[in-house]
Engineer: 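Below you will find the structure I want to go over with you.
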Amino acid sequence: MPALSPLIGFHAVMARIKRHGDTVDHIYVSSERGDARARDLETLAAKEGITVHKVERARLDRITKGDTRHQGVVAFVFPAPQVQSVAEVLESIDGVPLVLILDGITDPHNLGACVRSADAFGVHAVIVPKDKSAALNEAAAKAASGALETVPILSVTNLARALDELKEAGVWIYGAAGEATQNLHEIAPKQFCAPMAWALGAEGAGLRRLTRDKCDVLVRIPMVGSVESLNVSVASGVCLYASHSARIAAVQ
């Protein structure tokens, strides 16, 4: 049987119960929390037959190894079902595909924040490499604020092959790269309305060479201040918003 792992924070725990309640074994809630939010969580858990234990906050602090951002709630969960292939991702999409590819994001907080942006801007799936990528752990789940439970995550052994599969299915790959000659504002809105994927690399290192070579278009985010680059989670939000806003405008 798969091992249980802690999932912290109200958003993450509520989202897991709603989407994969059968993977939640039990929940600890701080005895200090008697507010409406805690009561709503307990009501939802009861409907799913999930046991909620009231415990001292200090116990939650120990479980999370001093990470006090748990907000007074920790669930113990089994791994949620994951998509297994690019084909499965594409078959599950209802509408024009929008995919986020994260190449070499090793900070779980950045990874979670990127997935949170993906959820906010209508991304159908996030693809990450199995190697040289942050784990989808409790830190990533907390930063994602529940989005790990709503956005399918595909972890692939060969990222270049996954990009080829997307391209063969008619999905255009747009890579965010500081050295690109074309900037984000120069992309025609109709291009964002076609099947597409955004590929972003780690801050500083950027996209790996093979990933960059697989991109159909390289785009830079125009910068007017003194900083040379954006945090990858911010950059992903900027790029995804550009796609999302173009798609919203196209149907109005």
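Counting from 1, the numbers follow the sequence of the chain as shown. Computed from heavy atoms alone, side chains included, the values below leave out hydrogens, waters and symmetry copies.
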Engineer: Less than 4.0 Å between a side-chain N and a carboxylate O, is that true for Arg33 and Asp35?
Structural biologist: yes
Engineer: Taking the six-membered ring for Trp, are Trp198 and Tyr174 parallel (under 30°), tilted (30 to 60°) or perpendicular (over 60°)?
Structural biologist: tilted
Engineer: Do Thr150 and Lys18 make a side-chain contact, defined as non-hydrogen atoms from C-beta onward lying under 4.5 Å apart?
Structural biologist: no
Engineer: Taking all heavy atoms of Pro195 and all of Gly170, pick out the closest pair and write down the distance.
Structural biologist: CB-O, 3.6 Å
Engineer: Kindly assign one of parallel, tilted or perpendicular to the pair His53 and His26, based on the angle between their ring planes and the thresholds 30° and 60°.
Structural biologist: perpendicular
Engineer: Other residues, nucleotides and ligands only: do more than 12 of their heavy atoms fall within 6.0 Å of NZ on Lys54?
Structural biologist: yes
Engineer: What's the separation between atom OG in Ser133 and atom CG in Leu159, rounded to the nearest 0.5 Å?
Structural biologist: 9.5 Å
Engineer: Does the side chain of Leu111 come within less than 4.5 Å of Leu136's, by heavy atoms?
Structural biologist: yes
Engineer: For residues Thr211 and Lys214, determine if any side-chain heavy atom of one lies less than 4.5 Å from a side-chain heavy atom of the other.
Structural biologist: no
Engineer: To the closest 0.5 Å, what do you measure between CE (Met196) and CG (Leu100)?
Structural biologist: 10.0 Å
Engineer: Determine whether Lys142 and Leu7 make a side-chain contact, defined as any pair of heavy atoms from C-beta on separated by less than 4.5 Å.
Structural biologist: no
Engineer: Under 3.5 Å, side chain of Arg39 to main-chain N/O of Gly34, donor-acceptor pair present?
Structural biologist: yes
Engineer: Would you kindly confirm whether Val89 and Leu163 end up in one hydrophobic cluster when ILVMFWY residues are joined by side chain heavy atoms under 4.5 Å apart?
Structural biologist: yes
Engineer: Looking at every non-hydrogen atom in both residues, tell me the closest pair between Ala118 and Val126 and how far apart they are.
Structural biologist: CB-CG2, 3.9 Å
Engineer: Is the shortest distance from a Lys or Arg side-chain nitrogen in Arg209 or Asp213 to a carboxylate oxygen in the other one below 4.0 Å?
Structural biologist: yes
Engineer: Counting distance only, does the side-chain N/O of Glu48 pair as donor-acceptor with the main-chain N or O of Ala45 below 3.5 Å?
Structural biologist: no
Engineer: Within the structure provided, determine whether Val55 and Leu60 are in side-chain contact (heavy-atom separation under 4.5 Å).
Structural biologist: yes
Engineer: Looking at every heavy atom in both Cys215 and Leu207, which two are closest together, and how far apart are they?
Structural biologist: SG-CD1, 4.2 Å
Engineer: Quick one: pull up CD1 in Ile221 and SG in Cys239 and give me the separation to the nearest 0.5 Å.
Structural biologist: 4.0 Å
Engineer: Under a 3.5 Å distance rule, please check whether Asp119 uses its side chain to pair with a backbone N or O of Val151 as donor and acceptor.
Structural biologist: no
Engineer: Looking only at heavy atoms, which two atoms of Ala197 and Ile101 are closest? And how far apart?
Structural biologist: CB-CD1, 3.8 Å
Engineer: Given side chains that start at C-beta, do those of Lys47 and Glu42 come closer than 4.5 Å, heavy atoms only?
Structural biologist: no
Engineer: In Å and rounded to the nearest 0.5 Å, what is the CZ to NE2 distance from Arg57 to His70?
Structural biologist: 4.5 Å
Engineer: Mark yes when over 12 heavy atoms from residues, nucleotides or ligands other than Arg161 sit less than 6.0 Å from its CZ; otherwise mark no.
Structural biologist: no
Engineer: Examine Val234 and Val232 and state if one hydrophobic cluster contains both, with Ile, Leu, Val, Met, Phe, Trp and Tyr joined whenever side-chain heavy atoms are less than 4.5 Å apart.
Structural biologist: yes
Engineer: Between Arg247 and Pro189 (side chain of the first, backbone of the second, donor and acceptor by atom type, cut-off under 3.5 Å), is there such a pair?
Structural biologist: no
Engineer: So is Arg59 actually on top of Tyr28's ring, under 6.0 Å and inside 45° of the axis?
Structural biologist: yes
Engineer: Using a 3.5 Å distance criterion without hydrogens, assess whether the side chain of Asp107 forms a donor-acceptor pair with backbone atoms of Ala134.
Structural biologist: no
Engineer: For a quick test of reading the model, state the closest non-hydrogen atom pair linking Ala141 to Ala12 and the distance between them.
Structural biologist: O-CB, 3.9 Å
Engineer: Any donor and acceptor pair, going by atom type alone, linking the side chain of Gln191 with main-chain N or O of Ala188 inside 3.5 Å?
Structural biologist: yes
Engineer: Does the Gln71 side chain pair with the main chain of Phe10, one donor and one acceptor, at a distance under 3.5 Å?
Structural biologist: yes
Engineer: Checking Arg220 side chain against Ala180 main chain: does a donor-acceptor pair fall under 3.5 Å?
Structural biologist: yes
Engineer: Report the C-alpha separation of Leu102 and Ile127 in whole Å, then their side-chain angles, then the decisive distance to 0.1 Å, and conclude whether the side-chain contact (heavy atoms from CB on, under 4.5 Å) test is met.
Structural biologist: CA-CA 6 Å; Leu102 298 173; Ile127 299 177; over 6 Å; no
Engineer: Looking at every heavy atom in both Met14 and Leu44, which two are closest together, and how far apart are they?
Structural biologist: SD-CD2, 3.9 Å
Engineer: Does any part of the side chain of Pro222, heavy atoms only, come nearer than 4.5 Å to the side chain of His185, both counted from C-beta?
Structural biologist: yes
Engineer: Treating Ile, Leu, Val, Met, Phe, Trp and Tyr as nodes and any side-chain heavy-atom pair under 4.5 angstrom as an edge, say whether Val52 and Leu41 lie in one connected cluster.
Structural biologist: yes
Engineer: Look up atom SG in Cys114 and atom CG in Asn231, then write down how far apart they are to the nearest 0.5 Å.
Structural biologist: 7.5 Å
Engineer: Is there a donor-acceptor pair closer than 3.5 Å between any side-chain N or O of Glu88 and the backbone N or O of Gln84?
Structural biologist: yes
Engineer: Can Asp25 and Val77 be said to form a side-chain contact (heavy atoms from CB on, under 4.5 Å), step by step?
Structural biologist: CA-CA 6 Å; Asp25 188 71; Val77 301; over 6 Å; no
Engineer: Can you tell me how far apart CD1 (Ile105) and CG (Asn110) are? Round to the nearest 0.5 Å.
Structural biologist: 6.5 Å
Engineer: Tyr241 and Phe192: same hydrophobic cluster, using ILVMFWY side-chain contacts below 4.5 Å?
Structural biologist: yes
Engineer: Kindly determine whether Ile27 and Val73 satisfy side-chain contact (heavy atoms from CB on, under 4.5 Å), including the steps that lead there.
Structural biologist: CA-CA 7 Å; Ile27 303 170; Val73 56; 3.8 Å; yes
Engineer: Within a strict 4.5 Å, meaning less than it, do heavy atoms of the Asp22 and His20 side chains meet?
Structural biologist: yes
Engineer: Do the side chains of Leu98 and Ile153 join up, straight or via other hydrophobic residues, at under 4.5 Å, putting them in one cluster?
Structural biologist: yes
Engineer: In sequence, state the C-alpha distance, the side-chain angles, and the governing distance for Val219 and Val217, and then conclude on side-chain contact (heavy atoms from CB on, under 4.5 Å).
Structural biologist: CA-CA 6 Å; Val219 182; Val217 182; 3.8 Å; yes
